[in-house]
Amino acid sequence: MKMGVDYYPEHWDRSMWEQDANLMRETGVSLIRVAEFAWSRLEPEEGRYEFGWLDDAIDVFYKYGIQVVIGTPSCTPPNWLVDRFPDVLPRDAMLNPRYPGIRGHRCYNSPSMRFFSTKIVEKLASHYAIHPAVIGWQIDNEFSLNECHCENCNNRFRDWLSKKYGTLEALNQDWGTVVWSGEYSSWEQITTPFGGTKFRNPSFLLDWKRFETDSVVEFQQSQLSILRKYCPDHFVTHNIWSYPMSLDYYKLCEDLDFASLDYYPGTSPEKSVSGGYNGALTLDLTRGIKRQNFWIMETISGPPGCWFPMWRTPQPGFIRAFAWQCIARGADTLVHFRWRSAPFGAEQFWHGLIDHSNVPGRRFEEYRMLCDEVNRLSPVLAGSEVLGEAAVLHSHDLYNALEIQPQAEGMDYFDNLKLYHRALTKSGILTDVVNTTDDLDKYRLIVAPSLYLMDEKLADQLKNCVNNGATLILTNRTGVKNMSNVCWIQALPGLLAEAAGVTVGEYDPVGNDVHTIRMLDGKTYSCSQWCDILEPAGAETVAWYEDDFYAGKSAVTVHSYGKGKVYYMGIVAEESFYLNLFGKAAEEAGLTRFTGLPEGVQISIRRKGNSKYLFLLNLTQKQQTVELKGTYRSLLHEMSVGPDVILDPYAVEIVELDEQFGEISIAATV
Ligand code: GAL
Ligand code: ZN
């Protein structure tokens, strides 16, 4: 485990490098990331490479025992390159070149871009392969889909489609182009989605997204293979930009050593509680990309701002608490963005750990304390893994398909994922978030939000899990379409109807209209977005509709199937409904539970061998108390804590659990 910072030697006078390196060492920083935007300094004109300044900088930091991750600079093609080779620039749907004047102005399918980026990566890789300070690489910076409509993208899209479908007949058939006389009679008729996308064939649009992901992956691969060749001992990663994302991160990271995340939790005091839960989801998603620990390649150091009004400055304890949240959920190294605020350029007010004054202040002192703690606990925590017992399923394909065709007013795939994950987090259920195509055998509780696209493989896998004893929780919009984004001709939830013991007789996309459901015990909950009017076929009803023409009809059901059970939720309800349902399902499935967590207090467990470390995080501005059943050793404070643990605003506690941790529970004292 290491503490690092993002550092831009090209932004500072050389005389500052040594002072910075010295302060870093003294603070406990042992890693910097450099150069990811420095192309114009590394190759000031075509073919003239100037690495001398970077050598000097790296040597200075090496002298102070600081290791280096180099970012490949392909996110910022320099002006000479764009000037001479205009195919570098992406084109919008009107075919105008897109030169945002900032960064990311590169078409992934541009031959010039591929040529010059692989050339500079080759030079860098061969030059730094044996430098003792350099340990790894970040490819590019925060990839995203750039919707390029240039000729190269058009040609490659057609190639991609012809590889996928073989014949035009097969493509016409799969996409259902018969609608609106859209049948293609020659490949040339197929283009990128010029002229807007709203009314386009949804199968075409989903394939376009998949093609775009493949373009990024191929672009990355062109650099990755060079790095693998020259630097076999170095790791290679990429810093992903948050969620939700059209770009498929699972594919992007498949061949990388680990995923890295750029994490900027919201600092506004009112939003910090909900922000903490959204952050927990982002971190769990990132851990799920490769189902292993990850790095934070950038995270908050001060108030962000520049092209929007600045956010509130992080409250005392905020930077430290959110850093520990990352570790609690699987981060193995934290790199803070950035060491010092930039005096010039687009990001002057995206504050670093040190302000423009160059006088280390309150935030820096907090960071120093964080470095001390992480460095002290590193030998204990290194090699430990996050314990997840329940799984939430996610996929970028589902996100894209549901973006292409929004199902009801106010209904959003990712917002609902947040809702379910937040309820699990609040219920103290240890949760992983994984790709729908992942192996799910180890989970006894699987929450599967809107499996709108479904094939036999996914249905069989889920049925197998349930057969073997898992509890599966399905929601509305399950089994609607095949992977070509075409509706199945069968009663919903389609391939899972038999396992769920229920079919959808009719549905009502109620959007923002509020409805009510009633449980067997008389408790009622409000719901909105969607109402599936269910026809149980073997399943028992758990909740009924209270109003509208379907009053008295089933809204939520449960069905025993094999050794397990399947819940089907036809609605999207208020949060307390899920706290209740997930709590009950987790209890029935025999999962570890930490009940009674106060709002904004999060827990997670990392384990190594037989040791288990419980993280308690108060991500609120209020003092909170939790009650542990027993007394435990605090790793941070080297004393014993419990049964009552008083957590000050943004406090962090890490305790080592004992053997019978399965029985430990937390109860709020209120
Ligand atoms: C990230 C990006 C950094 C920096 C930071 C603050 O998204 O990777 O280069 O721009 O945001 O804006
Ligand atoms: Zn292009």
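Counting convention: from 1, in listed order, for ligands and their atoms alike. Nothing here was measured: the structure is a model prediction, and the numbers come from that model.
- At least one heavy atom of W307 sits closer than 4.0 Å to an atom of ligand 1.
- The ligand atoms of ligand 1 that sit less than 4.0 angstrom from a heavy atom of E142 are 1 (C), 2 (C), 7 (O), 8 (O).
- Considering both main-chain and side-chain atoms, W350 never comes within under 3.5 Å of ligand 1 through any nitrogen or oxygen pair.
- Nearest protein heavy-atom neighbour of atom 3 (C) of ligand 1: E298 OE1, 3.2 Å.
- Counting atoms of ligand 1 from 1 in the listed order, those under 4.0 Å from a heavy atom of E347 are 4 (C), 5 (C), 6 (C), 10 (O), 12 (O).
- Ring pair F322/Y263 is tilted by interplanar angle, where 30° to 60° counts as tilted.
- Remark: ligand 1 and N141 share an N or O pair separated by less than 3.5 Å (distance only, no angle test).
- Taking every non-hydrogen atom of F37 and a distance limit under 4.0 Å, the qualifying atoms of ligand 1 come out as 9 (O).
- Of all atoms in ligand 1, numbered sequentially from 1 with element shown, those under 4.0 Å from a heavy atom of D262 are 8 (O).
- To the nearest 0.5 Å, atom CD1 of residue I135 and atom SG of residue C231 are 12.5 Å apart.
- Using a 30° and 60° split on the angle between ring planes, F318 and Y650 fall in the perpendicular class, above 60°.
- Annotation: cation-pi geometry satisfied between R340 and W12 (NZ/CZ under 6.0 angstrom from ring centroid, within 45° of ring axis).
- Geometry about the Zn ion (ligand 2) gives an angle of 110° between SG of C153 and SG of C150, rounded in steps of 10 degrees.
- Interatomic distance, K209 NZ to S246 OG, rounded to the nearest 0.5 Å: 3.5 Å.
- For the Zn ion (ligand 2), the set of nearby N, O or S atoms under 2.8 Å includes one belonging to C148.
- Y165 places a side-chain heavy atom less than 4.5 Å from the side chain of D207.
- Residue contact check for ligand 1: R103 places a non-hydrogen atom closer than 4.0 Å to it.
- In this structure, Y399 OH and I404 CD1 are separated by 10.5 Å, a value rounded to the nearest 0.5 Å.
- Classification of the W350-W311 ring pair by plane angle, with boundaries at 30° and 60°, yields tilted.
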